[in-house]
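The block underneath contains the structure these notes are about, expressed in structure tokens.
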Amino acid sequence: MLKLVNGLRTKGCKCGTDQMPPVGPVTWNGLLEKAAYDFSVEMKTKNFFSHTSPDGSTPGSRLDAVGYNWNTYGENIAQGYMDEQSVILGWLNSPGHCKNMMNGNFREMGIGKAGNYWTMELGRRSGN
């Protein structure tokens with residue numbers, strides 16, 4: 001998935017009606033992966049689909065919980081996709097999710113999947 005996202009970032013793409021210019025690549029981050037995986041598991045286990053969990057956690061609080069010292073972050077979630085290419089295409093067809101993947105402020109990412117629940121965490125650490 002890192003290769004797919006960085007391929008988009010290298011070429012630029014259209015997000016809805018907005019042409020997004022090429023931006024630098026993101027690198028994989030294990031803390032973002034943990035936050036993404038844990039949230040996908042939570043959505044699957046508690047049978048909900050939202051950026052805010054039933055206990056009130058938000059993307060920022062979930063990144064705090066895994067020790068990711070963020071300056072900025074973004075989160076994409078998806079449900080129902082069976083493979084990496086289809087979920088990336090789904091996010092590409094959603095302007096907000098697409099813009100998250102193309103945001104040059106993000107330097108790192110992690111993705112987690114549980115069943116057919118997907119979470120992508122994108123971030124930039126404080127001081128970077």
Side-chain angles (χ1 to χ4, degrees):
M1 291 196 77
L2 183 65
K3 189 174 182 178
L4 291 171
V5 171
N6 281 333
L8 291 171
R9 290 172 67 95
T10 299
K11 295 174 190 164
C13 68
K14 206 162 195 165
C15 295
T17 58
D18 297 328
Q19 182 62 44
M20 304 300 290
V23 294
V26 289
T27 57
W28 194 262
N29 180 280
L31 294 174
L32 293 177
E33 177 185 14
K34 178 168 177 33
Y37 175 73
D38 289 350
F39 191 55
S40 291
V41 168
E42 183 179 5
M43 285 192 292
K44 180 182 181 221
T45 303
K46 295 181 179 174
N47 195 28
F48 73 96
F49 184 70
S50 172
H51 291 283
T52 304
S53 74
D55 69 5
S57 77
T58 63
S61 67
R62 290 188 290 274
L63 297 184
D64 290 342
V66 297
Y68 186 80
N69 186 21
W70 56 271
N71 173 281
T72 188
Y73 65 82
E75 179 178 80
N76 288 350
I77 58 174
Q79 180 185 12
Y81 296 94
M82 294 298 130
D83 60 41
E84 291 81 0
Q85 284 189 310
S86 62
V87 75
I88 293 291
L89 284 173
W91 285 330
L92 267 176
N93 289 319
S94 167
H97 292 106
C98 179
K99 287 178 181 178
N100 268 349
M101 292 189 294
M102 293 302 298
N103 187 329
N105 290 322
F106 299 142
R107 304 284 169 84
E108 300 175 305
M109 77 171 223
I111 297 173
K113 175 183 183 259
N116 66 359
Y117 288 85
W118 300 79
T119 305
M120 171 189 278
E121 300 292 356
L122 297 138
R124 180 177 181 170
R125 285 182 274 183
S126 295
N128 288 339

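Glu33 is listed as a side-chain neighbour of Trp28, based on a closest heavy-atom distance under 4.5 Å. Side-chain contact between Asn29 and Arg107 is absent, with no heavy atoms from C-beta onward closer than 4.5 Å. With a 4.5 Å cut-off on side-chain heavy atoms, Arg125 and Asn71 do not count as touching.
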For a quick test of your reading: what N or O donor-acceptor pairs under 3.5 Å do the side chains of residues 114-121 make, sequence neighbours left out?
| from | atom 1 | to | atom 2 | distance (Å) |
| --- | --- | --- | --- | --- |
| Tyr117 | OH | Gln79 | NE2 | 3.0 |
| Trp118 | NE1 | Tyr81 | O | 2.9 |
| Thr119 | OG1 | Ser40 | OG | 2.9 |

Show me the donor-acceptor pairs within less than 3.5 Å that the side chains of residues 5-16 make with the rest of the protein, sequence neighbours left out.
| from | atom 1 | to | atom 2 | distance (Å) |
| --- | --- | --- | --- | --- |
| Asn6 | OD1 | Val26 | N | 2.8 |
| Asn6 | ND2 | Val26 | O | 2.9 |
| Arg9 | NE | Gly24 | O | 2.7 |
| Arg9 | NH1 | Met101 | O | 2.8 |
| Arg9 | NH1 | Asn103 | O | 3.1 |
| Arg9 | NH2 | Gly24 | O | 2.9 |
| Arg9 | NH2 | Asn103 | O | 3.4 |
| Arg9 | NH2 | Phe106 | O | 3.0 |
| Thr10 | OG1 | Asn6 | O | 2.7 |

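Using modelled atom types, one side-chain atom of Ser61 and one backbone atom of Thr58 make a donor-acceptor pair closer than 3.5 Å.
Every side-chain contact (heavy atoms from CB on, under 4.5 Å) that Ser50 has, sequence neighbours left out, goes to Phe48, Thr52. For Pro95, the side-chain contact (heavy atoms from CB on, under 4.5 Å) criterion is met by no residue, not counting sequence neighbours.
Considering CG of Leu2 and CD1 of Ile111, their distance stands at 8.0 Å, rounded to 0.5 Å. Taking CG of Asn76 as the reference point, atom CE of Met109 lies at 10.0 Å (rounded to 0.5 Å). Atom OG of Ser126 is separated from atom CG of Asn69 by 4.0 Å, given to the nearest 0.5 angstrom. Here the CG atom belonging to Asp38 is positioned 11.5 Å from the CE atom belonging to Met43, to the nearest 0.5 angstrom.
Pairs of residues two or more places apart, or lying in two chains, that qualify as side-chain hydrogen bond (donor to acceptor under 3.5 Å, both in side chains) and include a residue from residues 82-95 are Asp83-Ser86, Ser94-His97.
When hydrophobic clusters are built by joining Ile, Leu, Val, Met, Phe, Trp and Tyr residues whose side-chain heavy atoms come closer than 4.5 Å, directly or via intermediates, Phe39 is not grouped with Val87. No chain of hydrophobic side-chain contacts below 4.5 Å, direct or via other Ile, Leu, Val, Met, Phe, Trp or Tyr residues, connects Phe49 to Tyr37.
Summarising the local packing, NZ of Lys113 is surrounded by more than 12 heavy atoms from other residues, nucleotides or ligands at distances under 6.0 Å.
Looking at Thr72 and Arg124, their side chains never bring a donor and an acceptor atom within 3.5 Å of each other.
Counting side-chain heavy-atom gaps under 4.5 Å among Ile, Leu, Val, Met, Phe, Trp and Tyr, the cluster of Tyr73 also holds Leu31, Leu32, Leu63, Val66, Tyr68, Trp70.
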